[in-house]
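Counting starts at 1 for both ligands and their atoms, following the listed order.
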Amino acid sequence: MKVGFVQMEIERGEVEKNLNRAEELLAGKTADLIVLPELFSTGYLFRDKDEAIEYAEVVEEGATFEWLKKMAGTIGGFIVAGVMEKEDDKLYNSSYLIGPIGLLGHYRKAHLFGREKMIFTPGDLTIHPFNMGPAKVGMMICFDWIFPEVARVLALRDAQIIAHPANLILPYGQDAMITRSIENRVFTITANRVGCEKLDDIEVHFTGRSQVVSPKGEVLVKASDDGEEVALVDIEPEDAEDKHVTPENDIFKDRRSDLFPRLID
Ligand code: ACM
């Protein structure tokens with residue numbers, strides 16, 4: 001199975017430009033699964049919810065959704081991408097798993113970072129993977145990395161790959177994702193942004209270093225910290241089914257959930 005990421009610069013509020021840039025980067029590529037960054041078509045910083053809602057899309061509608069469906073057909077596989085979603089008067093920082101015939105999976109970011117709390121409603125959808133045929137794929141978004149429960153729940157529910165659209169700002173999210181892979185014996189694909197975004201006196205810098213990590217914690221491919229890049233790598237999703245770290249240690253069977261039943265059943 002061929003999987004990978006798009007690492008790109010994104011301009012705040014320039015949806016058409018961002019979609020065109022992603023399309024240029026993907027030109028000529030084919031893959032089973034490609035992950036794009038969090039909020040890749042809209043950008044990240046908004047003054048308030050009223051400004052952000054102008055760019056949001058109802059699920060399965062809108063320019064970003066239509067583009068994703070078209071591009072899934074062009075690459076001949078599935079895409080996971082971060083999308084600004086609106087439902088009634090609520091905004092969600094969401095990701096979709098989309099194939100040529102449409103939406104297969106939907107996730108809403110559970111753990112909001114910094115100013116996101118002023119704009120988005122925390123995710124309320126059940127955390128579980130989606131079966132895209134060659135693999136079961138779960139989604140988490142950016143700052144979810146610091147809460148090991150998200151990846152754990154996905155892995156306990158048989159995810160083989162965790163797709164992780166991101167706008168990473170703190171410098172150690174990529175390292176933590178190597179640990180998320182090791183402690184759950186799953187593949188993780190982090191698609192991050194590069195460059196800066198400014199809003200009035202706020203400026204955020206995105207740290208790149210998008211990566212694909214194996215269930216053993218091997219970084220199979222890694223992007224630079226400042227350049228746009230599409231990277232693809234061949235993986236065997238079944239490698240995520242073996243939870244042994246030694247012949248004697250199956251890390252899921254060895255979990256002492258009797259000692260922490262209220263934390264994780
Ligand atoms: C983040 O969660 N976008 C830092």
Among non-hydrogen protein atoms, atom 1 (C) of ligand 1 lies closest to C142 SG, 3.0 Å
Ligand 1 atoms nearer than 4.0 angstrom to some heavy atom of N167 are 1 (C), 3 (N), 4 (C)
Atom 4 (C) of ligand 1: closest protein heavy atom, distance to 0.1 Å, is F113 CD2, 3.3 Å
What class does the angle between the rings of Y172 and W145 fall in, given that below 30° is parallel, 30 to 60° is tilted and above 60° is perpendicular? perpendicular
| Can you check whether F65's main-chain N or O pairs, donor with acceptor, with E57's side chain at less than 3.5 Å? | yes
Check for a donor-acceptor pair, side chain of K243 on one end and backbone N or O of A240 on the other, with a separation under 3.5 Å.
-> yes
Margin query: With a 4.0 Å cut-off on heavy atoms, is E116 in contact with ligand 1?
Written below: yes
Atom 3 (N) of ligand 1 has as its nearest protein heavy atom E38 OE1, 2.9 Å
So the atoms of ligand 1 within less than 4.0 Å of a heavy atom of F143 turn out to be 2 (O)
Once you measure the plane-to-plane angle for Y55 and F46, does it fall in the parallel (<30°), tilted (30-60°) or perpendicular (>60°) bin? tilted
Atoms of ligand 1 under 4.0 Å from any heavy atom of K109, numbered from 1 in the order shown, are 1 (C), 2 (O), 3 (N)
Atoms of ligand 1 under 4.0 Å from any heavy atom of Y44, numbered from 1 in the order shown, are 1 (C), 3 (N)
Would you call R108 and E85 a salt bridge, taking side-chain N to carboxylate O under 4.0 Å as the test? yes
*asked:* With side chain to side chain donor-acceptor pair (under 3.5 Å) as the criterion, how do E60 and Y96 come out once you've worked through the C-alpha distance, each side chain's angles and the decisive distance to 0.1 Å?
replied: CA-CA 9 Å; E60 294 189 273; Y96 301 153; over 6 Å; no
